[in-house]
Amino acid sequence: MRVLITGGSDGLGAAVVRHLTQAGAQVWIIDKTAPQTHQSLRFLPCDLAQPDDLAGLPARLQQAGPFDLVVMSAGINAVGPFEAMPLATIRNLHAINCAAPILLAQHLLAQDLIAAGGRLVFIASVSHFTGYPGASVYAGGKDALVAFARSLRRPFWADHRITVQVATPGPMRTAHAARHAPPGSTGRGRACPDHIARAILRSKRRAVIVPGVASQAMALFGRLFPVQATQAMRKMLYERLV
Amino acid sequence: MLDTHPMQDHDQPLQLPPQGRQTWLVTGASAGIGLAVCQILHAAGHDVTGFGRRQAQDLPAGFPDIAYHTVDLATSQGCDLLAARAPHRLDRALLNAGLGYYRPLCRETPQAISDVLAVNLLAPMMAAHGLFGALLAGQGVLGLVGSTAYRGAAGMPVYAASKAGLDGFGRSLRSEWQGRVDVRVIHPGPTATGMAMRAGLTSPLALRMMLPVDAVAAGVIAAMQGQGRLRQRISFGAILRHKITGRAA
């Protein structure tokens, strides 16, 4: 199996890579920094915030593809009151979390780099169900990915036999999550990225994958009580950030 | 949805709403829903500053006598200009400028994708950032104009993504700014502005089923008044219900 993954050097992406390499897959990683483990992996350095870097990717991938699985896992976060967030941060969040996966999907499709029968998986966030006060730009970008995946699902299956999915993980024990947790957070209740990676890889058909018990509980609460869920997120995160 | 500010018929005299004269900022003012909103607001005696892509000399004949600035919100300079030219105190800011193409991903181009995401999602975020002070001073309402496509639309995936992003951003921002600035996301259904035809929609039935632009504009203005919910949809059902009962959806 040939796999392409963005953000595969760290966090959830690295956990996905670990599972896939154990299963014998050939993995190509797109990331800004090289992976710490698995030095033998094929690594394509790329700054996804730069459209020119992104546009150059398909040519570099031509020999490697077509891929049976593409995972758009690269993402960044920045927390704090929106009005105090530097404009450069807002631009960066938009470019990496929202524009890059959409542009890369277009490039891969145009160059026939996703194999028929393959999967295209976007990594969004459980904030899709709950909102995320204190990270409004992040929440917006992730919601865009959910709608984008939903929009692509039917035509991609009908025209290309490609399954499009989106996963909405909750907080995980990753360096990324620890950096953006409110001060004093113990990190308890965060899911292990390996469990989340396994849940995502196992779920081969579902349109929206809600991996892990914690994110399933958050998603259910958000679906049943959307206003209260956002209010709870505000109390737990935003009010501890300001 | 449409309860606080009744829709105006053109043969009836327009009156100031109970809140009195308001200071409005409207983006996407040179055409479509934004233009209709500016016309209704100006006729009702409100103070309106409009922003649009068209040059002043290219504005349509019926353009109201309001302050107007040309900006391209796909660029960072355009977003900076918007913040610089905005009034210092705002009652209402309606971020309505939008761009879209009715076509599948295989017929998209990277430039068009970047432009749609920049105008429909990044620009409203930058504008909201720049207008926070003015809205706070006026204890104002920030309106983000989305689309009912925000749940996903197979025929226009990039546009749907941009509007879903706006919805998700608005939801979290409303919570952040609660008690300071009221944030609302208004989702009109397909509206007969000509944007759909320019965007590549050719089905005659679909074009006939479009919502009338004046009714949508009045609905958008109504959604910006009074105590509003986060998410408000403008559909045939909502317009019809309002016409019959005079009350909200």
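The figures that follow rest on heavy atoms only: side chains count, while hydrogens, waters and symmetry mates do not. Just so we're on the same page: letters track the sequence lines, and every chain starts at 1.
- Geometrically, A:Arg161 engages A:Trp157 in a cation-pi contact, judged by NZ or CZ lying under 6.0 Å from the ring centre and within 45° of the ring axis.
- Options A:Pro226, A:Ala147, A:Pro133, A:Ala84 differ in how many heavy-atom pairs under 4.5 Å they form with chain B, and the most are formed by A:Pro133.
- Both the backbone and the side chain of B:Leu105 come within contact range of chain A, each with at least one heavy atom under 4.5 Å from a heavy atom of that chain.
- Because its NZ or CZ atom is not both nearer than 6.0 Å to the ring centre of A:Tyr238 and within 45° of the ring axis, A:Arg234 does not count as a cation-pi partner of that residue.
- At most 12 non-hydrogen atoms from other residues, nucleotides or ligands lie less than 6.0 angstrom from CZ of B:Arg53.
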Quick one: side chains of residues 144-161 of chain B, donor-acceptor pairs under 3.5 Å with protein atoms, not counting sequence neighbours, listed by atom name and distance.
unit_1, atom_1, unit_2, atom_2, d
B:Ser147, OG, B:Ala149, N, 2.9
B:Tyr150, OH, B:Arg233, NH2, 2.6

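- When each of B:Ser172, B:Gly168, B:Ser114, B:Pro104 is scored by its heavy-atom pairs under 4.5 Å with chain A, the top score falls to B:Ser172.
- Note: A:Met85 leads A:Arg154, A:Met85, A:Lys142 in heavy-atom pairs under 4.5 Å with chain B.
- Sorted by first and then second residue, the pairs that involve residues 64-85 of chain A and meet salt bridge (charged side-chain N to carboxylate O under 4.0 Å, His left out), not counting sequence neighbours, are A:Glu83-B:Arg180.
- Each of B:Gln178, B:Arg174, B:Met125, B:Arg107 has some count of heavy-atom pairs under 4.5 Å with chain A, and the biggest count is that of B:Gln178.
- Looking at A:Tyr138 and A:Asp143, their side chains never bring a donor and an acceptor atom within 3.5 Å of each other.
- Counting only N and O atoms by type, the side chains of A:Ser203 and A:Gln165 include no donor and acceptor under 3.5 Å apart.
- Proximity to chain B at a heavy-atom threshold of 4.5 Å picks out A:Leu87, A:Ile90, A:Arg91, A:His94, A:Cys98, A:Ala99, A:Ile102 from residues 86-102 of chain A, in numerical order.
- In terms of the ring pair (Phe, Tyr, Trp, His ring centres under 6.0 Å) criterion, A:His107 has no residue partners (sequence neighbours excluded).
- Two rings, from A:Phe129 and A:Phe221, have their centers 6.0 Å or more apart.
- Across B:Ala118, B:Cys106, B:Pro110, the residue that shares the most heavy-atom pairs under 4.5 angstrom with chain A is B:Pro110.
- No side-chain donor-acceptor contact under 3.5 Å links B:Thr23 and B:Arg92.
- Of all the listed residues (A:Gly134, A:Pro155, A:Ala149), the one sharing the greatest number of non-hydrogen pairs under 4.5 Å with chain B is A:Gly134.
- Highest contact tally toward chain A, considering only B:Thr109, B:Asp167, B:Leu117, is held by B:Leu117 [criterion: heavy-atom pairs under 4.5 Å].
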